[in-house]
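Below is one structure; the comments refer to it alone.
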Amino acid sequence: QLQAYGGGLVQTGGSLRLSCAASGRDFDNYHIGWFRQAPGKEREFVTVISRSGGSTFTKDSVKDRFTTSRDNAKNTVYLQMNSLKPEDTAVYYCAAKGVGNILSKRNREDVRGYESWGQGTQVTVSS
């Protein structure tokens with residue numbers, strides 16, 4: 001199971017760090033992705049980190065501001081978000097992908113390819 005936390009209300013230009021904690025074994029067998037969903041919109045890919053943490057892929061519109069990392073010893077993945085904008089307002093979800101690779105854009109961005117999802121944490125950026 002995954003649990004995302006760390007969201008909140010922040011002003012434009014501010015920063016937040018989200019965490020995704022996993023229970024159970026074999027955490028390092030899963031790529032971990034972050035997705036977000038704004039009101040009235042579809043859930044969209046934000047970033048993903050490989051099992052070892054050696055590779056990350058990030059949505060172009062946030063890649064200069066968002067960074068993901070993981071600590072497999074703590075079963076936790078992080079999403080550092082800087083220079084936040086109102087358009088970043090959404091519920092942020094972490095998700096685990098145990099099957100398949102993340103090398104192709106199609107694989108890593110398809111929500112159907114992730115087997116387990118956390119409950120989401122709200123991020124609100126005020127203007």
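- Here Lys85 contributes atom NZ and Ser61 contributes atom OG; the two are 8.0 Å apart, rounded to the nearest 0.5 Å.
- Arg65 pairs by the salt bridge (Lys or Arg N to Asp or Glu O under 4.0 Å) definition with Asp88, not counting sequence neighbours.
- Nearest heavy-atom pair, Arg70 versus Asn72, reported as atom, atom and distance to 0.1 Å: NE-OD1, 2.7 Å.
- Closest non-hydrogen pair, Ala22 versus Leu2, comes out as CB-CD2, 3.5 Å.
- By the side chain to side chain donor-acceptor pair (under 3.5 Å) test, Thr58 pairs with Thr47, sequence neighbours left out.
- When all heavy atoms of Cys94 and Gln3 are compared, the closest pair comes out as SG-C, 4.4 Å.
- A 4.5 Å side-chain heavy-atom check between Ser23 and Asn75 finds every atom pair outside the cut-off.
- Distance check: Leu9 CG to Gln122 CD gives 9.5 Å after rounding to the nearest 0.5 Å.
- Here the closest heavy-atom approach between residue Ser83 and residue Ser15 is recorded as N-OG, 4.3 Å.
- We find the CZ-CG distance between Arg51 and Asn101 to be 8.5 Å, quoted to the nearest 0.5 Å.
- Put simply, OG on Ser50 and CG on Asp28 are 11.0 Å apart, with the number rounded to the nearest 0.5 Å.
- Heavy atoms only, all atoms of each residue included: Thr12 and Ser127 are closest at OG1-CA, 3.5 Å.
- Panel note: side chain Thr68, backbone Tyr78; a donor-acceptor pair is recorded below 3.5 Å.
- With sequence neighbours excluded, no residue satisfies salt bridge (Lys or Arg N to Asp or Glu O under 4.0 Å) with Glu87.
- Take Arg112 and apply the side chain to side chain donor-acceptor pair (under 3.5 Å) test, not counting sequence neighbours, and it matches Asp110.
- In plain terms, the two heavy atoms of Glu115 and Lys97 that are nearest each other are OE2-CA, 3.6 Å.
- With Gln37 contributing its side chain and Ala90 its backbone, the two residues share no donor-acceptor pair below 3.5 Å.
- When hydrophobic side chains of Ile, Leu, Val, Met, Phe, Trp and Tyr are connected at separations under 4.5 Å, Trp34 ends up clustered with Val10, Leu16, Leu18, Phe27, Tyr30, Ile32, Val46, Ile49, Val62, Phe66, Val77, Leu79, Met81, Leu84, Tyr92, Val123, Val125.
- When hydrophobic side chains of Ile, Leu, Val, Met, Phe, Trp and Tyr are connected at separations under 4.5 Å, Phe57 ends up clustered with Phe35, Phe45, Val48, Val91, Tyr93, Ile102, Leu103, Val111, Tyr114, Trp117.
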